[in-house]
Amino acid sequence: MFGDSAMWLLAAVVVCGALAATAIGLVVARARLHEAEQRVRDQESQQEGISARLRENENRLRAIIESEPECMKLQAANGTVLEINPAGLALVEADAPGDIIGKPIYLLVAPESRDVYRSHVRRVFEGESVAYEFRLVTLKGRSRWMQTHAAPLRDAGGAIYALLAITRDITERKLAEEHARRHQIELARVARLSTMGEMATALAHELNQPLSAIAAFARGCTRRLRAGTATLQDLREPLDSIGEQAERAGEVIRHVREFVRRRELALGRVDVNQIARSLAHLAEIDARQHEAVLRLELAPHLPSVVADPIMVEQVIGNLVRNAIDAMTEACSPRREITLRTAQRNGAVEVEVVDTGPGLAAAAIEQVFDPFFTTKADGVGMGLSISRSIVEAHGGCIGVDSVAGSGATFRFSLPLAAQEAHRVGHRHGLHR
Ligand code: ADP
């Protein structure tokens, strides 16, 4: 009996103990649950705070972009416009965002600017920030010049997902520059023509006197000989005078040559590619006005030559100008000029290739002669002077052409190493 009661008591104690333990466990679990819930709530409110701040930042950024007076746009690697602000829409003359968003920007970039534009976009997607200028044709067909600063936009993982560009209209500045450049070219042309004109007038005037005197003395001699009254003594004096006047004429010509020879070459180490680039920059406007395209094909790692940079630029400029003239005069349907440099046979070679009418065999023989011209307002001195300049540098100049299929004018300048000994010596043209 006692045994049973004790058993029951023991069982009751065990059950009570278990119940108490369970109750304590429950209390602890609830407390932990409460804590966890509190943590989740804290995190949620923290998260909400972050999201609100992010939204606020995004709104502020959007407000800035929207009110930014300059065009801001996001663009994909393939040129698709992802976003653009109202100033940008106005710049491209879009009536609604849908006119431009989702479309390729290359619809607006002018054909001659596309290659440059593409290469800058590529650089941005490789991680660079770049600035570039290009011509754009608006959705309403107006031509405008733009300057863009572009930078890569990265996602949280660092991958570039878009290009952010700030673009401004620089048409006014470009027009002013173009005007100034055209003015300068015109001034240089007038100065060249007037210098040549003045020289020719002075030369004609100086030569006229001795030539008239020679003619007069010769006529006198003939008259006396015809009349049969002249003695040898009578003829000696006018013949001596003829000789003197002829010498005087020779002296005048010698003076002119001296004058030209005094133009010494200002020799220095010259990067021909650099000269070609700056010349192309200048000639570009001229080419465009005559619907011609000027392309550069410059040899990389071209060694420098010892030369007078202004003279070299004058030669290239002459050849490019002639190519434009030839294609314009012949109304060539395709007007392309390729300005190419290369290293060949111990020299730097420059080629100006055009798609104009070319030259007939007879003209090829004469183009470098002074005063050979087929132009109504030509002087015929450009190629002659170019040859003098190239030869004064120790190089040579020539032309290849098949009539009807363009011309290739080519000149060479010996490499600096071979020419180095010439630096510092007197150099003149027309030696
Ligand atoms: P100008 O330009 O005053 O005529 P140049 O000496 O520069 O004098 O040129 C002489 C002539 O050579 C030109 O009138 C033209 O007939 C010919 N010529 C020069 N370059 C070319 C060319 N690229 N294509 C065809 N003809 C050319």
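One-based numbering, in listed order, for ligands and for the atoms of each.
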Below 30° counts as parallel, above 60° as perpendicular, anything between as tilted: where do the rings of Tyr132 and His120 land? parallel

Close N or O approach (Asn322, ligand 1; < 3.5 Å): yes

Any salt bridge between Asp95 and Lys140, counting N to O under 4.0 Å? yes

Before you tell me yes or no, could you show the steps for Arg269 and Ser304 under side-chain hydrogen bond (donor to acceptor under 3.5 Å, both in side chains), namely the whole-Å CA-CA distance, both residues' side-chain angles and the distance that decides it to 0.1 Å? CA-CA 6 Å; Arg269 272 184 185 274; Ser304 58; 3.2 Å; yes

Minimum-distance protein heavy atom relative to atom 24 (N) of ligand 1: Ala326 CB, 3.4 Å

Salt bridge present between Glu329 and Lys375 (N-O < 4.0 angstrom): no

Are Asp240 and Arg236 within salt-bridge range, i.e. N to O under 4.0 Å? no

Starting from the C-alpha separation in whole Å, work towards a yes-or-no answer on side chain to side chain contact (heavy atoms under 4.5 Å, CB included) for Thr341 and Leu296. CA-CA 9 Å; Thr341 58; Leu296 284 176; over 6 Å; no

Heteroatom distance test (Gly380, ligand 1): nitrogen or oxygen, under 3.5 angstrom: yes

For atom 17 (C) of ligand 1, what's the nearest protein heavy atom and its distance? Val367 CG1, 3.7 Å

So is Gly406 close enough to ligand 1, meaning a heavy atom under 4.0 angstrom away? no

Under 4.0 Å between a side-chain nitrogen and a carboxylate oxygen: does that hold for Arg173 and Glu133? yes

Any idea which protein heavy atom is nearest atom 26 (N) of ligand 1, and the distance to it? Leu359 CD2, 3.5 Å

Heavy-atom nearest neighbour in the protein, as seen from atom 10 (C) of ligand 1, with distance rounded to 0.1 Å: Phe372 O, 3.2 Å

A student checking ligand 1 against Gly382 at a 4.0 Å heavy-atom cut-off should list atoms 5 (P), 6 (O), 7 (O), 8 (O)

Atom 15 (C) of ligand 1: which protein heavy atom is closest, and how many Å away? Thr374 OG1, 3.4 Å

Are more than 12 heavy atoms, taken from residues, nucleotides or ligands other than Arg41, located less than 6.0 Å from that residue's CZ atom? yes

Below 3.5 angstrom, do we get any N/O pair linking Leu383 and ligand 1? yes

Over 12 non-hydrogen atoms of neighbours within 6.0 angstrom of CD1 in Ile310: no

Where ligand 1 meets Gly358 - atom numbers and elements under 4.0 angstrom, heavy-atom basis: 25 (C)

Would you mind checking which non-hydrogen protein atom is closest to atom 23 (N) of ligand 1, with the distance to 0.1 Å? Asp354 OD2, 2.8 Å

Name the closest protein heavy atom to atom 4 (O) of ligand 1, giving the residue it belongs to and the distance to 0.1 Å. Thr373 OG1, 2.6 Å

To check your reading of the model: name the closest protein heavy atom to atom 21 (C) of ligand 1, its residue, and the distance in Å. Phe409 CE1, 3.7 Å

